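Here's the structure, in structure tokens; my notes come after.
All residue numbers in this chain count up from 1 along the given sequence. All heavy atoms count here, side chains included; hydrogens, waters and symmetry mates do not. Read the numbers this way: they start at 1 and go in the same order the structure lists the ligands and their atoms. Remember, it's a predicted structure, so these values are computed and weren't measured experimentally.
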Amino acid sequence: MGLKDRPSGTCRSGVVEVNGVQVFAGLLGPEEQAALVEDLRAVVARAPMFVPVTRFGKRMSVSMTSAGKYGWCSGAGGYRYEPRHPSGAPWPPIPERLLALWREVTGLERQPDSCLINYYREGARMGLHQDRDEADFRWPVLSVSLGDDALFRVGTTTRGGPTRSVWLHSGDVAVIGGPARLAYHGIDRIRFGSSWLLPFGGRLNVTLRVVG
Ligand code: MD6
Ligand code: FE
């Protein structure tokens with residue numbers, strides 16, 4: 001299926017641009033969202049979520065895990081991609097449904113080699129940051145929102161630049177690429193309990209990247 005073959009007329013569907021970041025609102029319907037949650041459940045069963053610690057030694061408010069060749073880890077030494085979960089086991093493969101979504105949205109032959117899964121519980125947030133630990137910034141980062149609404153803030157490629165915010169809803173897909181690839185971005189807050197998708201509430205964000 002190509003992007004243009006998607007049924008239109010879903011609530012809140014359409015593409016919105018926020019400081020160069022493209023947000024495909026309502027791209028994923030309820031069944032596809034539920035199927036993705038099942039895929040992620042299988043990943044988490046093999047690679048349990050953990051709470052990363054920032055380079056300043058502070059616990060982050062999100063929990064995370066990964067799939068693919070490289071997973072994202074943090075600690076005293078800073079942030080880095082690792083081929084293994086903290087348990088020592090390799091990360092599970094990236095679910096095929098996510099690879100298909102990457103192909104559909106980006107149109108790229110090259111597959112992502114990293115899939116980061118973040119879970120936002122009540123009160124969790126993510127400070128403004130750039131995604132700059134990948135080798136080649138010509139590849140985009142694709143992000144999928146599942147569960148509760150989140151206030152996504154996007155700035156420019158310089159710290160302290162003007163920012164714009166947009167609410168991301170379950171089923172929205174965002175692409176950080178092109179001139180916006182190194183834009184500062186973050187999640188100010190989530191609207192806990194705004195979605196029924198996840199049984200205990202909260203929000204899952206999945207980002208697909210080419211790391212190696
Ligand atoms: C989030 N997202 O949506 C946090 N990074 O929960 C990110 O940090 C992010 O959405 C790179 C590309 C897209 C993103
Ligand atoms: Fe990011």
Against heavy atoms of [X], which atoms of ligand 1 measure under 4.0 Å?
| X | answer |
| --- | --- |
| Thr207 | 9 (C), 13 (C), 14 (C) |
| Arg203 | 1 (C), 3 (O), 6 (O) |
| Ile187 | 1 (C), 3 (O), 4 (C), 6 (O) |
| His129 | 8 (O) |

Pair Tyr79 + Trp72: ring centers closer than 6.0 Å: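 Yes, the ring of Tyr79 comes within the 6.0 Å limit of the ring of Trp72, centre to centre.
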Cation-aromatic face contact Arg110/Trp139, 6.0 Å, 45 degrees: yes
Protein residue, atom and distance nearest to [atom], heavy-atom basis:
| atom | answer |
| --- | --- |
| atom 5 (N) of ligand 1 | His185 NE2, 2.7 Å |
| atom 2 (N) of ligand 1 | Asn205 OD1, 3.6 Å |
| atom 13 (C) of ligand 1 | Ser143 CB, 3.4 Å |
| atom 4 (C) of ligand 1 | Tyr120 OH, 3.4 Å |

Atoms named by residue and atom, protein N, O or S, within reach of the Fe ion (ligand 2) (under 2.8 Å):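 Listed by chain and number: His129 NE2, Asp131 OD1, His185 NE2.
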Salt-bridge present (Arg80, Glu82; N to O < 4.0 Å): yes
Salt bridge flag under 4.0 Å for residues Glu134 and Arg181: yes
N/O separation below 3.5 Å, Asn118 to ligand 1: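 By distance alone, the answer is no.
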Nitrogen or oxygen of Asp131 less than 3.5 angstrom from that of ligand 1: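 Yes.
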Option whose closest heavy atom lies nearest to atom 12 (C) of ligand 1, chosen from Val23, Leu116, Val141: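 Result: the heavy atom closest to atom 12 (C) of ligand 1 is in Val141.
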Parallel, tilted or perpendicular, as decided by the 30° and 60° cut-offs, for the rings of His85 and Phe50: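 The arrangement is perpendicular - the two ring planes meet at more than 60°.
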Heavy-atom side-chain contact between Asn205 and Val144 under 4.5 Å: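 Answer no - side chains too far apart.
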Ser61 side chain to Arg125 backbone, donor-acceptor under 3.5 Å: yes
Check: Leu151 main-chain N/O paired with Ser165 side-chain donor or acceptor under 3.5 Å: no
Atom of Trp91, atom of Gly71 and distance for their closest heavy-atom approach: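 Result for this residue pair: NE1-N, 3.1 Å.
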By side chain to side chain donor-acceptor pair (under 3.5 Å) - contacts of Asp133 (at least two apart): none
Pair listing, salt bridge (Lys or Arg N to Asp or Glu O under 4.0 Å) test, anchored in residues 183-202, at least two apart: Asp149-Arg191, Arg153-Asp188
Phe137: hydrophobic cluster co-members (side-chain, 4.5 Å):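 Grouped by the 4.5 Å side-chain rule, Leu182 form the rest of the cluster around Phe137.
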Side chain, backbone, both or neither: Leu142 near ligand 1, heavy atoms under 4.0 Å: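 Looking at Leu142 and ligand 1, no heavy atom falls under 4.0 Å.
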